[in-house]
Amino acid sequence: MAATPPVCDFGWQAQPFALPATDGKTYTLDDLKDDNGLLVMFICNHCPYVLAVLDKIVRDASDLKALGVGVAAICSNDPQAYPADNFDNMRKMALDHAFPFPYLHDADQSVARAYDAACTPDFFGFNGKLGLQYRGRLDATRVNREAPDLRRDLYEAMKQVAETGKGPAEQIPSMGCSIKWKAA
């Protein structure tokens, strides 16, 4: 089922975490941030919305790192109900797509809840002081529809954040599959 996150809550502070990554390390929020900000992405392995933009995510992550913006992806989906999203498959995806960022596993879903993540992909763009400045889409790509010359909404917004500390006032929310929460 498709889900859309709420609009950006400007200035909301990034919540601390320590999560294991597919590279065998554990990362904290402080490990991931860079001088000009941090992009935290909630993604997963099976979502068609993520798969439709995965190459662009990798491209934009590399370009943002060059601007002094840290980047990390988090998978919070229930791996029991969605085996494609288990840790072994996360590791395979990160290797197969040469992720230039840590791919973190939120096994207990506490980080997704702390961030109020709504969908995959869900992008949280923070400035250098870890205040939220962007919660929008990557670009206008939708499942089964892509144009090569789409405006790079996420990249342009985070470039602005890196340069000024502030995100664009107008943002178009991301859209994707809902987070697959564990049964209560």
Side-chain angles (χ1 to χ4, degrees), residues 1-9 12-29 31-32 38-61 70-126 132 134-146 153-154 171-184:
M1 176 178 216
T4 303
V7 296
C8 183
D9 182 8
W12 178 82
Q13 288 295 296
Q15 300 299 296
F17 57 79
L19 293 173
T22 58
D23 64 6
K25 299 176 185 173
T26 296
Y27 291 87
T28 67
L29 187 66
D31 296 331
L32 298 166
L38 173 64
L39 173 64
V40 175
M41 307 175 281
F42 288 86
I43 67 170
C44 71
N45 296 355
H46 84 276
C47 172
Y49 292 90
V50 171
L51 296 174
V53 297
L54 195 55
D55 291 339
K56 292 178 179 182
I57 287 174
V58 169
R59 174 203 64 199
D60 286 0
V71 179
I74 300 173
C75 181
S76 299
N77 279 356
D78 177 2
Q80 300 299 324
Y82 294 86
D85 293 333
N86 70 31
F87 194 72
D88 288 337
N89 287 324
M90 287 174 58
R91 188 178 300 118
K92 182 177 180 342
M93 178 177 262
L95 288 171
D96 288 351
H97 293 276
F99 283 1
F101 48 80
Y103 192 17
L104 311 172
H105 189 218
D106 181 20
D108 67 3
Q109 301 182 318
S110 62
V111 178
R113 292 193 189 284
Y115 280 66
D116 198 23
C119 63
T120 57
D122 199 350
F123 302 101
F124 291 78
F126 298 95
L132 187 65
Y134 188 72
R135 186 148 184 213
R137 67 184 184 181
L138 181 109
D139 66 17
T141 300
R142 294 290 182 245
V143 177
N144 300 322
R145 186 187 75 139
E146 180 180 345
D153 295 347
L154 173 68
Q171 300 179 15
I172 300 170
S174 187
M175 179 190 294
C177 296
S178 62
I179 299 287
K180 306 310 183 210
W181 301 107
K182 294 178 179 183

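Keep in mind the model is a prediction, meaning the values are calculated, not measured.
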Ala112 versus Ser76, closest heavy-atom pair with distance: CB-OG, 3.4 Å
Shortest non-hydrogen separation from Cys177 to Lys180 and the atoms involved: CB-NZ, 4.0 Å
Over 12 foreign heavy atoms within 6.0 Å of NZ, Lys182: yes
Nearest atoms (heavy-atom pairs only) where Phe123 meets Met41: CD2-CG, 3.5 Å
Tyr82 and Asn89 side chains, donor-acceptor separation under 3.5 Å: no
Under 3.5 Å donor-acceptor, Asp96 side chain and Met93 backbone: no
Chi angles and distances behind the side-chain contact (heavy atoms from CB on, under 4.5 Å) call for Asp122, Arg135: CA-CA 7 Å; Asp122 199 350; Arg135 186 148 184 213; 2.7 Å; yes
Side-chain touch Phe42/Val111, heavy atoms, less than 4.5 angstrom: yes
4.5 Å side-chain heavy-atom contact, Ile179 and Thr120: yes
Whether Phe126 and Phe124 hold their rings parallel, tilted or perpendicular, with breakpoints at 30° and 60°: parallel
Pairwise distance NE2(His105) to OG1(Thr26) - rounded to 0.5 angstrom: 12.5 Å
Under 3.5 Å donor-acceptor, Asp85 side chain and Asn45 backbone: yes
Tyr49 side chain to Pro121 backbone, donor-acceptor under 3.5 Å: no
Sub-4.5 Å side-chain heavy-atom contact between Leu132 and Cys8: yes
Short side-chain to backbone donor-acceptor contact, Gln15 and Gln13, under 3.5 Å: yes
Pairwise side-chain contact, Asp9 with Asp116, heavy-atom cut-off 4.5 Å (strictly under): no
Gap separating the CZ atom of Phe101 from the CG atom of Leu39, nearest 0.5 angstrom: 9.0 Å
Under 3.5 Å: donor-acceptor pair, side chain of Asn86, backbone of Pro79: no
Any side-chain heavy-atom pair of Phe99 and Ile43 under 4.5 Å: yes
Any side-chain heavy-atom pair of His46 and Asn77 under 4.5 Å: yes
Any side-chain heavy-atom pair of Trp181 and Asp78 under 4.5 Å: no
Pro102 side chain reached by Leu32 side chain, heavy atoms, under 4.5 Å: yes
Please table the atom pairs, donor to acceptor, closer than 3.5 Å between any side-chain atom in residues 17-25 and protein atoms at least two apart or in another chain.
from	atom 1	to	atom 2	distance (Å)
Asp23	OD1	Lys25	N	3.0
Asp23	OD2	Tyr27	OH	2.5

